[in-house]
Structure formats: structure tokens, C-alpha cells
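Remarks on the structure that follows.
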Amino acid sequence: MFYEIEGIGTIPPMSFEDDQLVTERKTYPYDQIKDLYITNSAAFSPYAILKVKYDGGVDSVPFNRHRLKVVKHAIKEWHLLQTNKEKKQPTDLDPYQQIKELKELLDMDAITQEEYDKKKKELLDL
């Protein structure tokens, strides 16, 4: 997962990376984020607000309103990744069944091709 959100004027850029959200002021590892959601700023403002709820509190991160769709997609993918991490896979599944499930995640864009290839290689002991 990688989404770069360009800044505009005084609003700095931010990026959703493989394992963290990076803003100008802070880096939030995904395993410390509890929730991500968008709140609106004043009407006709050039920015919107991303709320980052994490172990230490809640931060407001302004972002370019013109990139709202991209941020919404990144948040949706982050939620999907978190949901998939919470699901426990039975340890007695054979490697081929696990690869099949990984392929489904890849097809849903929940994991990257690199993550799929790495795990597949591990499961097949290559």
C-alpha cells in the first residue's frame, strides 16, 4: 500500500506507506493506529481533516481537499488490512489452501504482489 497525498499552499503532504502513515510532524506506525476517519473543515476551505486515533490520543492532520477520494481509498484499504490481520488463520491449513487465500487477498488489493510472493515462497519452502 502506498498513497502520496500532495500538499497545497501551507498544507503539507502526507503518505500512506506499507506499515505507517507519514505526516510532516509525525509518523504513525499502523500497529499503533486505532482508527482513521475524515472530518470536514469550513465550507470552501482548500483542506479537509484526517483524524488519526492512536495509542497516545487523537491528532488532526489537514490534507488537500482535492485529494479526498485518494485519502478515502487509502483509509478503506487500511481498514481492510486491519480486519485481515485480526482474522486468525488456522495453523492446520495446508500451504496450498493458504496460498489460495493469499491470492484472494491479492485480487482484492488487500496485499501487494510483493507480500503475496514473499509469503507464497515461505509456504512452499522455496
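Note that these values count all heavy atoms, side chains included, but never hydrogens, waters or copies made by symmetry.
- Taking 4.5 Å as the limit, some side-chain heavy atom of Ile75 sits within range of a side-chain heavy atom of Leu50.
- Remark: Leu81 CG to Leu105 CG distance equals 9.0 Å, nearest 0.5 Å.
- Scanning for salt bridge (charged side-chain N to carboxylate O under 4.0 Å, His left out) contacts around Asp59 gives Lys26, with sequence neighbours left out.
- Formation of a donor-acceptor pair under 3.5 Å by the Tyr30 side chain with backbone atoms of Gln20 is found in this model.
- Taking hydrophobic clusters as Ile, Leu, Val, Met, Phe, Trp and Tyr residues chained together by side-chain heavy-atom distances below 4.5 Å, Met108 shares a cluster with Ile99.
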Distance-only donor-acceptor hits, side chain of residues 1-11, under 3.5 Å, sequence neighbours excluded:
unit_1 : atom_1 : unit_2 : atom_2 : d
Tyr3   : OH     : His73  : NE2    : 3.0
Tyr3   : OH     : Glu77  : OE1    : 2.5
Glu6   : OE1    : Arg67  : NE     : 2.9

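- Residues near Val22 contribute nothing to a hydrophobic cluster around it, because no ILVMFWY side-chain heavy atom sits closer than 4.5 Å to its side chain.
- Thr23 OG1 to Met14 CE: the interatomic distance, rounded to the nearest 0.5 Å, is 8.5 Å.
- Here the side chains of Ile111 and Lys119 are not in contact, with every heavy-atom distance at 4.5 Å or above.
- Ionic pairing of Lys118 and Glu115 is not present here: no N-O contact between side-chain nitrogen and carboxylate oxygen is shorter than 4.0 angstrom.
- Side-chain contact between Leu68 and Phe63 is present, with at least one heavy-atom pair separated by less than 4.5 Å.
- Under the 4.5 Å side-chain contact rule for hydrophobic residues, Tyr28 and Ile38 share a cluster.
- Of the candidates Ile49, Leu36, Val52, Leu21, Val52 is the only one forming a side-chain contact (heavy atoms from CB on, under 4.5 Å) with Val61.
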Step-by-step side-chain contact (heavy atoms from CB on, under 4.5 Å) determination, Leu124 to Tyr96 | CA-CA 8 Å; Leu124 296 176; Tyr96 299 102; 3.9 Å; yes

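- Applying the side-chain contact (heavy atoms from CB on, under 4.5 Å) test to Glu24 and every residue at least two apart in sequence or in another chain returns Pro12.
- Listed by chain and residue number, nothing satisfies the ring pair (Phe, Tyr, Trp, His ring centres under 6.0 Å) test with Phe16 (two or more places apart in sequence, or in another chain).
- Residues satisfying the side-chain contact (heavy atoms from CB on, under 4.5 Å) criterion with Lys103, sequence neighbours excluded, are Leu106, Asp107, Tyr116.
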